[in-house]
Amino acid sequence: MMSSSGSAYAQLLLRNPNVMIDYVEPEDPAHLNIDVNDPTLDAQSKTTLQKTIDDYTKMKGARDRLMKSQLLERYSQFLAALRLPTTLRLRTKKCGEVNAFFDSTDSSVNLCYEYVLALEGKAPKTTTSDGFTPEGTLTGMIVSTMLHETGHALFSIYTVPILGKEEDAADEIAGFMMMQFGQDVALTTIKGAAWKWAADDWTNPVYYDVHSSSQARFYNFLCMAYGGNPTAFKPYADRYLPAARAPNCAYEYQLAKIAFDKTILPHIDPELMKKVESLKWLTAAEMDPKQAPSVPSPTVKREQ
Amino acid sequence: MRTLITAMIMVLCLGTAASAQTLPKNPMIDIEYVPPKNAAYTPYYQRLKDLQVLETLQEFLAPLKLPRKISVKVEECGTQRLVYKPGGTANICYEYLDSVYKFAPQSSSLAMGDDGNNITKDATIAGAFAGEMLNEVAHAVFDVLQIPVWGSADDAADNSAALIMLQFGDLAAWRTLTGTSWYLAQKSYSGYQDFTEVFAPTDAARFYNYMCVAYAGNSDIFSFLSKDIPDGRRNQCASDYLKLVRSFKQTIWPYIDQTLLKQSRAVNWAAKLTTVKN
């Protein structure tokens with residue numbers, strides 16, 4: 001997704017009538033009608049206003065880049081085959097926190113501009129020796145985030161049984177879906193997800209949290225990938241997966257497949273799915289983090 | 001080691017003296033006590049066999065309807081826990097039992113909670129071992145019944161085990177859940193004889209998972225855990241627990257014989273969890 005040839009996607013070949021998209025505009029401080037150069041403005045007010053303007057500029061920049069890439073339009077095509085009994089809202093917005101989350105009150109998947117900015121800060125500045133490109137890695141990080149939150153949405157909408165931890169389950173369904181659309185998509189998204197969790201600080205993990213540690217999530221995504229396509233991901237498995245984990249990845253992938261087949265597949269239109277699979281919905285071109293302003297990477301708050 | 005074992009051994013004391021009620025053994029559960037090569041584990045092997053621990057498990061699992069057989073083995077594994085391999089065999093390792101002994105409370109009885117409840121050395125050992133058996137059997141059940149498992153399979157097995165522990169009366173719940181939680185807490189942070197300050201990755205996360213299910217599943221006896229589970233997690237325990245109950249009903253429940261379950265609930269399983277002192 002998100003190649004520069006986005007215009008082709010404007011035609012929206014596939015569309016799910018129950019998926020709505022919205023790039024919510026951040027509030028423009030111009031509405032406040034205060035001039036930062038107003039000589040009567042005290043220093044503190046001026047600082048606050050300038051911070052608000054800077055903040056808005058960053059959020060608007062993130063929104064513009066997402067819109068230009070047609071993130072939501074193209075992601076919604078991927079969801080075209082889902083038989084949804086309710087409206088699923090895909091939303092980008094300013095949240096006031098670095099986050100992405102599913103909100104069950106209005107069945108919405110929310111990607112915060114603050115989170116996008118954080119991911120842009122996390123993306124590699126140049127292509128790494130492992131072949132992590134700035135553009136592909138950012139795309140993979142964003143799509144993996146969307147898939148994780150969509151996983152929560154599907155669990156909620158279809159009342160899917162979850163015997164383990166739901167946050168791990170959302171990672172699993174995201175990882176499993178990444179593997180269903182060909183090797184290019186798998187490589188881009190899995191590498192993005194792996195980079196996202198590898199770039200976190202692995203010291204002092206919080207074991208009581210509903211989320212697994214960043215380290216565990218890194219290994220979980222790699223394991224799902226290696227289990228689903230051992231050939232393509234062997235170099236990464238050889239380098240990063242512990243020997244004690246790697247042999248079990250095929251079984252872990254198989255467990256996810258059983259779970260997907262039993263709980264999600266009945267809600268998918270098979271004919272539409274064939275069309276979705278035929279789409280080249282994710283290319284290696286992607287978003288360019290270099291287009292983003294150089295801002296310090298904020299501490300990433302865990303997703304909901 | 002042998003002194004420790006003979007002084008206060010353990011686990012799932014079998015049936016006849018402890019409780020008159022019996023259930024038929026589940027004919028779809030095969031069991032095996034595999035003699036260890038390491039002589040240090042021989043006392044465990046002998047004691048488990050003498051106590052007919054696996055036969056008790058066969059009774060406990062009587063209500064479970066299985067389309068094909070599950071094999072439950074206690075054996076020397078070369079590690080404390082084996083990763084489950086598809087095929088329907090649940091392996092419980094002498095090494096795990098050895099570790100449970102090592103981390104058991106040093107005094108014979110400690111006060112825990114606000115209601116004068118105690119945690120005893122022998123009940124902790126029995127409870128933790130019962131928890132491990134339920135976890136390993138859950139893996140095999142998932143496999144044999146092709147249960148959809150979202151979330152880590154080991155967490156799913158732990159959650160299922162914890163939920164089952166809550167179903168057979170307060171005393172059985174207390175012994176199994178405090179036993180398991182105690183063990184995981186001590187293993188996570190050796191040196192602290194407490195539930196707090198756990199650090200080792202896998203066991204610490206498992207510890208909090210068990211505590212969360214216990215806290216939400218039986219607030220009468222586990223309300224004291226409120227101080228041990230950080231706010232960020234504790235606030236979600238109730239909704240996570242309810243989702244777990246719903247998920248269990250969607251997946252495992254259809255394979256449970258309700259008549260046998262009713263009989264099973266009448267059995268005093270807590271009494272079978274007492275320690276035999278030689």
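Letters A, B, ... mirror the listed sequences (proteins, then strands); counts begin at 1. Please read these numbers as outputs of a predicted model, since none were measured by experiment.
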With only heavy atoms counted, which part of [X] is less than 4.5 Å from chain B, the side chain, the backbone, both or neither?
X: Y208(A); result: both
X: K165(A); result: both
X: E166(A); result: side chain

Among the listed options N209(B), D240(B), L163(B), the residue most often paired with chain A at heavy-atom distances under 4.5 Å: N209(B)

Heavy-atom pairs under 4.5 Å with chain B, option from L255(A), N220(A), D261(A), T263(A) with the top count: T263(A)

Test side-chain contact (heavy atoms from CB on, under 4.5 Å) applied to L88(A) and D106(A), I157(A), N18(A), the passing residue: I157(A)

Go through the atoms of [X] and report whether side chain, backbone, both or neither lie under 4.5 Å from a heavy atom of chain A.
X: Y84(B); answer: both
X: I147(B); answer: both
X: Q146(B); answer: both
X: D158(B); answer: neither

Test item: N16(A) side-chain N/O and L79(A) main-chain N/O as donor-acceptor pair under 3.5 Å: yes

Any T150(A) side-chain heavy atom under 4.5 Å of Y75(A) side chain: yes

Residues S152(B) and D154(B): side-chain donor-acceptor under 3.5 angstrom: no

R81(B) and N91(B): side chain donor to acceptor below 3.5 Å: no

Full working for salt bridge (charged side-chain N to carboxylate O under 4.0 Å, His left out) between K274(A) and E277(A): CA-CA 5 Å; K274(A) 284 179 192 167; E277(A) 286 171 342; over 6 Å; no

K191(A) to F132(A) six-membered ring, cation-pi geometry met (6.0 Å, 45°): yes

